[in-house]
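Heavy-atom basis, side chains included; hydrogens, waters and symmetry copies ignored.
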Amino acid sequence: GHFTTNATNGSAINNLAILDGNAATIRGLGAGIDSNSTFLALAISDNVLYAGGNVTGSVSGSELNGLVVYSMENNTFSQYQPPRFLGDDVTVNAIAARPNSNHIYVAGQFQSAGALPCPGVCYWDTESQQWNRPGASLNGTVLALKWLNSKELLAIGDLNIDGNQSVVATYTVKEQSWQTFEGASTSDIPGSITAFTPANTAVSKFWLAGVYTNGSSFLAAYDGSSFSFVRNMFDDETEIRGLEVLPINKNHDGVSNLN
């Protein structure tokens, strides 16, 4: 996030703290990240931390914008940092490692990674140490990513797929193609999505929160075949930033969204 605290050794920590439960210590990343940075997304793959957000600074001889990579094994910044993101108001909102691969998918608001055009979503190949664009039809800003399996990726945000506006889309790795999600066009859900959470491990069901174009907040539940909505429930100026699904211990037949 965006905060200041103290490490076990008394030094200052800005915006990202690493807690070591075995050693009962807390430490930061070290010098190089600008103190006005804000971290919004974290992922660990092969003992390497990928941390994204509104992140700037200079580490390992590389200028940062949106993402930094840190070795958890050596407790140092990775010597080779991915080329920085470019665009207006660069922000990384989501990081998702593809299962059983060496590809780290990074999403948010940006137009390119280094010299590679890849608006909204890029993936970092940890073996070849280079950015790649997944498909060529996606544009827009991505809020969240979630792998349905090792072959299919779900993306949430303000998306444009070959000119079609949608708040949800899927990416198929083998075909390298993006598809809009049925029932999730901007005519079906006119507004901005502010939060997402799966409702089951298969991600065949999920919840969205957002703000309609008229300024009112809403919840949307996808049950595997269609969306249902919770509207006119929240006071004006409500903006939902996080969702979590918890189990219930009895049926609520009168409330379809709880069954």
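Of the possible donor and acceptor atoms, none in the side chain of N74 sits under 3.5 Å from a partner among the backbone N and O of T76. The backbone N or O of L159 sits nowhere less than 3.5 Å from a side-chain atom of S166 that would complete a donor-acceptor pair. Using a distance-only test at 3.5 Å, with no hydrogens or angles considered, no donor-acceptor pair links the side chain of W207 to the main chain of A195. Between the side chain of T172 and the main chain of E175, no donor-acceptor pair closer than 3.5 Å is present. Judged purely by atom type and a 3.5 angstrom limit, N160 has no side-chain atom pairing as donor or acceptor with the backbone of G140. Remark: side-chain polar atoms of Q111 are not paired, donor with acceptor, to backbone N or O of C118 under 3.5 angstrom. Judged by distance alone, with hydrogens and angles left aside, the side-chain atoms of Q129 form a donor-acceptor pair with the main-chain N or O of T126 at under 3.5 Å.
Within the 4.5 Å cutoff, the side chain of V48 has no heavy atoms near those of the E73 side chain. Using a 4.5 Å cut-off on side-chain heavy atoms (C-beta onward), L208 and V168 make contact. Put simply, the side chain of I26 reaches to within 4.5 Å of the side chain of I13, judged on heavy atoms.
The stretch residues 55-74 participates, sequence neighbours left out, in these ring pair (Phe, Tyr, Trp, His ring centres under 6.0 Å) pairs: Y70-F77. Every pair passing salt bridge (Lys or Arg N to Asp or Glu O under 4.0 Å) that includes a residue from residues 234-248 is listed here, sequence neighbours excluded: E239-R241.
Atom CZ of R84 and atom CZ of F110 lie 14.5 Å apart (nearest 0.5 Å). Atom-to-atom distance recorded for F85:CZ and N65:CG is 9.0 Å, nearest 0.5 angstrom. Taken to the nearest 0.5 Å, the OG1 atom of T201 stands 11.5 Å off from the CG atom of L148. To the nearest 0.5 Å, atoms CG (L116) and CH2 (W131) are separated by 9.5 Å. With rounding to the nearest 0.5 Å, the separation of CG in L67 from OH in Y50 is 8.5 Å. With rounding to the nearest 0.5 Å, the separation of CD1 in I33 from CG in L64 is 5.0 Å.
Between S204 and N200, the side chains place a donor N or O and an acceptor N or O closer than 3.5 Å (distance only, hydrogens not considered). Side-chain contact annotation: T91 with N54, donor-acceptor N/O pair under 3.5 Å present. T56 and D34 share a donor-acceptor pair across their side chains, judged by distance under 3.5 Å alone. A side-chain donor-acceptor contact under 3.5 Å links E127 and N102. Using modelled atom types and a 3.5 Å distance limit, the side chains of N14 and S35 yield no donor-acceptor pair.
Within a 6.0 Å radius of CE in M72, other residues, nucleotides and ligands contribute more than 12 heavy atoms. Within 6.0 Å of CG in N232 there are 12 or fewer heavy atoms belonging to other residues, nucleotides or ligands.
With F218 as the partner, the ring-ring contact (aromatic ring centres under 6.0 Å, His included) test is satisfied by one option alone out of F227, F234, Y212: Y212.
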